Asker: 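Encoded as C-alpha cells, here's the structure I'll be asking about.
On a predicted model such as this, the values are computed, not experimentally measured, just so you know. Every chain is numbered from 1 and lettered A, B, ... according to where its sequence line falls, protein lines coming before strand lines.
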2 protein chains.
Amino acid sequence: MVSIKDVAAHAGVSPGTVSNVLNRPGKVAPATRERVEAAIRELGFVRHGSASTLRAGHSRTIGLSVIDIGNPFFTEVAAGVEDVASELGYAVILGNSAGSPDKEDRNLRVLAEHRVRGVLITPSGEDSGRLDRLREHGISVVLVDHPAHRPDQCAVAVDDVAGGRAAVAHLLARGARSVVCVTGPLTIRQCVERRDGARAALRGAGLDPAELRVVEAATMTARAGEKAAAELLAGALPEAVFCANDLLALGVLRALLRAGVRVPEDVALIGYDDIDFAAASTVSLSSMRQPTYQLGRIATELLLDECDNPDTHAHQHIMFQPELVARESTQ
Amino acid sequence: MVSIKDVAAHAGVSPGTVSNVLNRPGKVAPATRERVEAAIRELGFVRHGSASTLRAGHSRTIGLSVIDIGNPFFTEVAAGVEDVASELGYAVILGNSAGSPDKEDRNLRVLAEHRVRGVLITPSGEDSGRLDRLREHGISVVLVDHPAHRPDQCAVAVDDVAGGRAAVAHLLARGARSVVCVTGPLTIRQCVERRDGARAALRGAGLDPAELRVVEAATMTARAGEKAAAELLAGALPEAVFCANDLLALGVLRALLRAGVRVPEDVALIGYDDIDFAAASTVSLSSMRQPTYQLGRIATELLLDECDNPDTHAHQHIMFQPELVARESTQ
DNA sequence: CCCTGCTGGTGAAACGTTCTACCCATAGGG
DNA sequence: CCCTATGGGTAGAACGTTTCACCAGCAGGG
C-alpha cells in the first residue's frame, strides 16, 4: 500500500509538500508539482481518506437516511442529493430506516462513527433527541420532507396539510360524499398531516370531519394497499378513497379492479407524491405532485453550505406547496 | 469530542482496556467491563471510525455501485444488499453511475479513498481494468447482475441471453412475425445479450435474425421508451415489441396507447425485470422475472464471506435463470 | 518453595495524513 | 547595506484507535 511518504521519496520532496499538492496546489511551484503528480501516477497512489478525516477532524461525506428506499419518491430525493453531493466532491452514505426507529438509530450511529460532515434525514418518528445528539457531536442535520424541529436548523418540507386538503377537496368537488382515507402508520408525520388535511377539507365542505373513515396500513407499499382495499371491500364501498401515497393507491387500485369495482365510476381514487408510475397505471392515477428531486437538491445545498460556510450560513425553513394532478381515477 | 482516553480516565483503566471492551468484551473481567460501559454511556462516547480504520487497516464499510438508482430493479438489489450488510454490521456507500463511465470512475475513486472492505458493482461497461486496480489495493470486488471477468472473483448474474430468447419466443409463439427490440445503450452488456437472445429466438423459429429491428434508446427510462415508440409510430408498426427493461416498456406502452394503438391487439409488448409496477400498468405488462432481491443478498453474502474468511472463501460464479411472466400485454 | 501457566490488565508504538512553526533564499524598500 | 517581506519548502507533532510485548498476581504441581 503506497502512502504519501512513498510518493514524497519518489519525487524527492517532503510529505508535507505532497499534501500541499493534493490540497493546495497553488501553494507549490509548478515544477515540483509536476514531479509530485508524476510520482502519484507512477506509484498509483490513492489518498487514505480515513487518515485525512482523522487528522482534519471532518470528512467529505454526508449521510442520507430515508424511510423507504423502495419508494420512488425517496429514490428521486436521493437522486437530487447524490447529484449535488457529487458535484461538490462529497460521498453519500445511504441508510434505509424501513420505518423502524431501531434501524434508524443504528444507521445514525454508523453515520456518527464515520464522522460524516452532515446528515440529511427524513425522520421516521417525532423524537428529535438523537438528532440533537448528532448536533452536539458537530454533525449538521438538515430535515428533508419534514418541518424544522428547532429554529437553528435547516429544513425543506412540503405542506402536507394543504396537500391532504386539496386532494380531498378535489374528491368532494367531484361529488363524492363518503370518503375513506387509507394512510400509512400514524407514527409518520406525513400520514397524520395528510389525514388532518383531509378532515379540514370535509369541514370546509360543511361535512363532519369525524365522518372520515381512516384505514391505517402497516407500511406504505402497494402490498399494504391491497390489504387495506380488502378491508374496504368487506363492507359498503365509499364513493372516494384518498391514499397517503401512490404506492398505497396503486395497491388499492389493483385490488379494487380485481374485485370488479370500476374506478372512477364506482369509487374515485387519489394518491400522493405523483411518482412516475402514477401516470402509467391501469387507470391513470390522480395525485398530489411534490418537487421531489428539488427537495433532495435544495436540502443538500443547504447542508453543504452550512458545513462549508458555517459563519455566513443562514438557517432556512423552506416549505413547498404540492400541486394537484387530476387523471382518470378521479374523472 | 470525547475519545477513548477520556473514557479510560473516567473508568480508571487504560485506553487498551476500553478498546478491548469495544472489540473483545470476552477478554475483560465483568466488573471492569461494567465500569467501562457505564463510562461510555455517561460520556456519550462514540467510536471514531476513521481512527479505527486507519489503525486496523480496513473498515466495516462496503461500496455499492449501480447503473441507475431510479430503476426499481436496482433499488430492490440495493435493499437486498443493505439488509445483509446491516445484519453483519457493515455500512453501505452508494454510488450511482447513471450509465456514465466517468461517474463510475469517480465513485470507485471515492470508495478506494474510503478504504472500503469491498465493492459490489454492476459495471456499466466492459472495461475491467479499474476493477483489477481496486483488487490490487486489497479491495474485494463482486459483480452483480454481471458474469465474472475472471476466475478468482465472485459474480452473481442472470442468464440474459436465455431471458431474451424466452421473451421473444413467447412473442413468436403468440403468432407475431415482425418483432422490434427496443434496447438501452449497447455499451451495456445486458442490452446486448438480451438482444442476442432475441435473435436466437428468431433463429429457433426458422426466421432470419437479421430481420430483428433494433431501436437503441439513450437511457433505460420510461421517457426514453416514449421517444423510441415515437420512432416506431413513424413507420409501419411491428406485430410485437420486446423491451430490454420494464421502464422502457412502460414508456413504449404509454406512447402507443396515447397514439390509439391497442395493446396487445395491434402490438404485443413484453418487458424485462418484472418490477412491481409492471403488473399495475394500464395494460398489465408481460415481463421476465429475475430474483432481484436475492441478487443483492447473495452478492453481499459472497463479498462479506470473502472479506471475513479470506482463507476458506471459495469464489463462486452464480447464474440464475429468468422466468417468463405472461400478462395482458401479450394475451 | 520454585517453576509454570493463566487471567486481566498496562504502555507505547504504530497507522497515513494534515498543519503549525520554522527555515532559507531571493528581492525590494529605505 | 540592513531590514523585512515573500515564495517555496521541511520537520515533526498531532489526530484516536488497535495491537503487541510485557507485567503483576495468583493457583496448582512437583
Asker: Scan for side-chain hydrogen bond (donor to acceptor under 3.5 Å, both in side chains) pairs involving residues 57-85 of chain B, sequence neighbours excluded, and state none if there are none.
Answerer: A:K103-B:E82, A:H114-B:T61, B:D83-B:Y293

Asker: Would a distance-only check, ignoring hydrogens and angles, find a side-chain to backbone donor-acceptor pair under 3.5 Å from B:T300 to B:G296?
Answerer: yes

Asker: Nucleotide range of DNA chain C contacted by chain B, 5' to 3', under 4.0 Å to a heavy atom?
Answerer: C:dG8 to C:dG16

Asker: Can you give me the N/O atom pairs linking the protein to nucleotides 4-8 of chain D at distances under 3.5 Å, or say none if there are none?
Answerer:
none

Asker: With heavy-atom distances below 4.5 Å as the criterion, would you say the side chains of B:S140 and B:L303 are in contact?
Answerer: yes

Asker: Check whether any side-chain nitrogen or oxygen of B:R55 sits under 4.0 Å from OP1 or OP2 of D:dC15, and answer yes or no.
Answerer: no

Asker: Heavy atoms, side chains only, cut-off 4.5 Å: are B:V142 and B:Q153 in contact?
Answerer: no

Asker: Please round to 10 degrees the angle between the axis of the first five pairs and the axis of the last five pairs in the helix from C:dC1-D:dG30 to C:dG30-D:dC1.
Answerer: 50°

Asker: Under 4.0 Å from any atom of DNA chain C, heavy atoms only: list the residues of residues 33-53 of chain A that qualify, in numerical order.
Answerer: A:F45, A:R47, A:H48, A:A51, A:S52

Asker: Would you indicate whether the side-chain heavy atoms of A:R115 and B:V46 approach each other to under 4.5 Å?
Answerer: yes

Asker: In Å, rounded to the nearest 0.5 Å, how long is the span from CD1 of A:I318 to CD of A:Q294?
Answerer: 10.0 Å

Asker: Any base atoms under 4.0 Å from A:S3, or only sugar-phosphate, or nothing? Heavy atoms, all strands.
Answerer: sugar-phosphate

Asker: According to salt bridge (charged side-chain N to carboxylate O under 4.0 Å, His left out), who are the partners of A:E87, at least two apart in sequence or on a separate chain?
Answerer: A:R297

Asker: Could you tell me which residues satisfy side-chain hydrogen bond (donor to acceptor under 3.5 Å, both in side chains) with A:T221, sequence neighbours excluded, listed by chain and number?
Answerer: A:T219

Asker: Can you check the B:R60 CZ to D:dT17 C1' distance for me, whole Å?
Answerer: 16 Å

Asker: Output yes when at least one side-chain N/O atom of B:N23 is less than 4.0 Å from OP1 or OP2 of D:dT18, else no.
Answerer: yes

Asker: Please report the distance, rounded to the nearest Å, between CD in A:E113 and C1' in D:dG16.
Answerer: 13 Å

Asker: Measure from CG on B:N20 to P on D:dT19 and round the result to the nearest Å.
Answerer: 9 Å

Asker: Run the side-chain hydrogen bond (donor to acceptor under 3.5 Å, both in side chains) test against A:D132 and tell me which residues pass, sequence neighbours left out.
Answerer: A:R150

Asker: Pairs of donor and acceptor atoms involving the side chains of residues 308-315 of chain B, under 3.5 Å and at least two apart or interchain, shall be tabulated with distances.
Answerer:
| from | atom 1 | to | atom 2 | distance (Å) |
| --- | --- | --- | --- | --- |
| B:D308 | OD1 | B:Y90 | OH | 2.8 |
| B:H313 | ND1 | B:D305 | OD2 | 2.7 |
| B:H313 | ND1 | B:E306 | N | 3.4 |

Asker: Just by distance, do the side chain of B:T17 and the backbone of B:P15 share a donor-acceptor pair under 3.5 Å?
Answerer: no

Asker: Within this structure, what is the NE2-to-C1' distance between B:H58 and D:dT18, rounded to whole angstrom?
Answerer: 10 Å

Asker: Quick one, B:V144 and B:V66 - any side-chain contact, counting heavy atoms below 4.5 Å?
Answerer: no

Asker: Between SG of A:C191 and CE of A:M220, what distance do you get to the nearest 0.5 Å?
Answerer: 3.5 Å

Asker: Output one letter per nucleotide in nucleotides 22-28 of chain D: B when a protein non-hydrogen atom lies under 4.0 Å from the base, S when only the sugar-phosphate is that close, - when neither is.
Answerer: -------

Asker: In whole Å, I'd like the distance from the CG atom of B:L22 to the P atom of D:dT17.
Answerer: 8 Å

Asker: For residues 30-41 of chain A, which side-chain donor-acceptor pairs fall under 3.5 Å, sequence neighbours excluded?
Answerer:
| from | atom 1 | to | atom 2 | distance (Å) |
| --- | --- | --- | --- | --- |
| A:T32 | OG1 | A:A29 | O | 2.9 |
| A:R33 | NE | A:P25 | O | 3.4 |
| A:R35 | NH1 | A:A11 | O | 2.7 |

Asker: For A:E126, which residues count as a side-chain hydrogen bond (donor to acceptor under 3.5 Å, both in side chains) partner, sequence neighbours excluded?
Answerer: A:H146

Asker: Scan A:I67, A:T187, A:I188 and name whichever one has a side-chain contact (heavy atoms from CB on, under 4.5 Å) with A:S124.
Answerer: A:I67

